2 protein chains.
Amino acid sequence: MPLKIRKNKSPQPPEACPLTECMSIIGGAWTVNVIWSLRAGPRRFSELRLDIPPVSPKVLTTRLRELEARGVVRRDVKPTSPPSVEYELTELGAELVPAIEAIVDVGHKLKQQA
Amino acid sequence: MPLKIRKNKSPQPPEACPLTECMSIIGGAWTVNVIWSLRAGPRRFSELRLDIPPVSPKVLTTRLRELEARGVVRRDVKPTSPPSVEYELTELGAELVPAIEAIVDVGHKLKQQA
DNA sequence: CAGCATCCATGACGATACTG
DNA sequence: CAGTATCGTCATGGATGCTG
């Protein structure tokens with residue numbers, strides 16, 4: 001099951017809510033899974049698919065494009081045949097990893113005491 | 001505009017994906033905004049509505065109930081008239097704040113260099 | 001004040017098939 | 001291999017109105 005942060009469609013302009021806007025970085029389905037898979041180093045498109053079996057190529061592409069546009073991941077096309085594309089976290093993207101880890105950590109604690 | 005982490009509706013059982021499951025703590029629309037509003041101390045239902053104008057009472061209730069069930073927030077009913085209910089972060093819930101801050105921080109940096 | 005009950009609309013996601 | 005193209009669906013949230 002994917003995990004996505006849905007954007008609030010309030011009548012107010014989005015700029016009015018920097019918190020929401022920043023959090024939307026990780027808001028797409030499978031986004032955190034992608035970041036998670038990339039935390040140990042570069043991965044290719046098909047490797048990511050293996051890491052996250054339920055994600056469809058369409059959605060994976062969408063997420064990768066978003067993250068690339070945001071500056072979270074870097075896309076590296078090797079001009080080989082067959083084509084090969086590597087994705088890796090940027091420096092800033094890597095900073096998201098500990099934050100996600102922290103949330104997951106709290107999640108585990110919550111489960112244990114629940 | 002709300003911000004929600006959408007659950008992956010994969011065919012696999014959710015337990016198969018602890019990452020996704022943990023992240024879903026902050027997955028509801030306006031969830032992070034609620035945690036954010038509570039970070040400085042207890043707030044009442046109507047105060048939260050003022051902090052997050054676009055949220056409807058229905059959704060706010062839903063989020064608070066979820067967070068309460070998860071152990072992230074504590075609900076405190078004062079037996080007064082008119083009724084008054086305070087919400088506050090639990091100790092574990094408070095641990096989410098720095099993690100969210102970290103993500104927001106990265107978000108800002110990404111915007112600046114973009 | 002602090003909710004709950006309804007109804008409805010939206011759009012993100014899932015599945016499938018095809019291509020340079 | 002690494003995507004793109006289509007299409008359908010359903011979960012999730014918005015709006016409104018009512019109540020203890």
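We name chains A, B, ... by the order of the sequence lines, and we start the count at 1 in each one. Remember, it's a predicted structure, so these values are computed and weren't measured experimentally.
Relative to the axis of its first five pairs, the axis of the last five pairs of the helix from C:dC1-D:dG20 to C:dG20-D:dC1 sits at 60°, rounded to 10 degrees.
The shortest distance between side-chain heavy atoms of A:Leu89 and A:Ile35 falls below 4.5 Å. Contact annotation: the side chain of B:Val32 never approaches that of B:Ile103 to less than 4.5 Å [non-hydrogen atoms, C-beta and beyond].
Look at CG on A:Leu50: it is 12 Å from C1' on D:dC1, rounded to the nearest Å. The CH2-C1' distance, from B:Trp30 to D:dA15, rounds to 14 Å in whole Å. Between the C1' atom of C:dA12 and the CD atom of A:Glu66 lies a distance of 10 Å, rounded to the nearest Å. Rounded to an integer number of Å, the gap from B:Arg43 CZ to C:dC1 C1' is 16 Å. Taking atom CG of residue B:Leu48 and atom P of nucleotide C:dA2, one finds them 9 Å apart after rounding to whole Å. B:Leu60 places its CG atom 16 Å from the C1' atom of D:dA15, with the value rounded to the nearest Å.
Here the closest non-hydrogen pair linking B:Leu64 and B:Val73 is O-CG2, 3.9 Å. Residues A:Leu67 and A:Thr31 come closest through the heavy atom pair CD2-CG2, 3.9 Å.
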In residues 76-88 of chain B, what donor-acceptor pairs under 3.5 Å come from side-chain atoms, sequence neighbours left out?
residue : atom : partner : partner atom : Å
B:Thr80 : OG1  : B:Pro82 : O            : 2.9
B:Ser84 : OG   : B:Arg44 : NE           : 3.4
B:Tyr87 : OH   : B:Arg75 : NE           : 3.1

Under 3.5 Å donor-acceptor pairs involving side-chain atoms of residues 52-63 of chain A, not counting sequence neighbours:
residue : atom : partner : partner atom : Å
A:Ser56 : OG   : A:Val59 : N            : 3.3
A:Thr61 : OG1  : A:Pro57 : O            : 2.8
A:Thr62 : OG1  : A:Lys58 : O            : 2.8
A:Arg63 : NE   : A:Glu66 : OE1          : 3.0
A:Arg63 : NH1  : A:Ala29 : O            : 3.3
A:Arg63 : NH2  : A:Glu66 : OE2          : 3.0

Anything under 3.5 Å between a protein N or O and an N or O of nucleotides 3-5 of chain C, put it in a table, one pair a line.
residue : atom : partner : partner atom : Å
C:dG3   : OP1  : B:Arg65 : NH2          : 3.3
C:dG3   : OP1  : B:Arg75 : NH2          : 2.5
C:dG3   : OP2  : B:Tyr87 : OH           : 2.4
C:dC4   : OP1  : B:Arg65 : NH2          : 3.1

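Of the inter-residue distances, the one linking B:Arg39 atom CZ with B:Ile100 atom CD1 reads 10.0 Å to the nearest 0.5 angstrom.
In this model, the phosphate group of D:dC1 is not approached by any side-chain N or O of A:Arg44 to a distance below 4.0 Å at OP1 or OP2. The phosphate of C:dC1 (OP1 or OP2) has no side-chain N or O of B:Ser84 nearer than 4.0 angstrom.
Residue pairs meeting the side-chain hydrogen bond (donor to acceptor under 3.5 Å, both in side chains) criterion with at least one member in residues 90-100 of chain A, sequence neighbours excluded: A:Glu95-B:Lys109.
Looking at residues two or more places apart in sequence or on another chain, you find a side chain to side chain contact (heavy atoms under 4.5 Å, CB included) between B:Arg70 and B:Ser24, B:Ile25, B:Val72.
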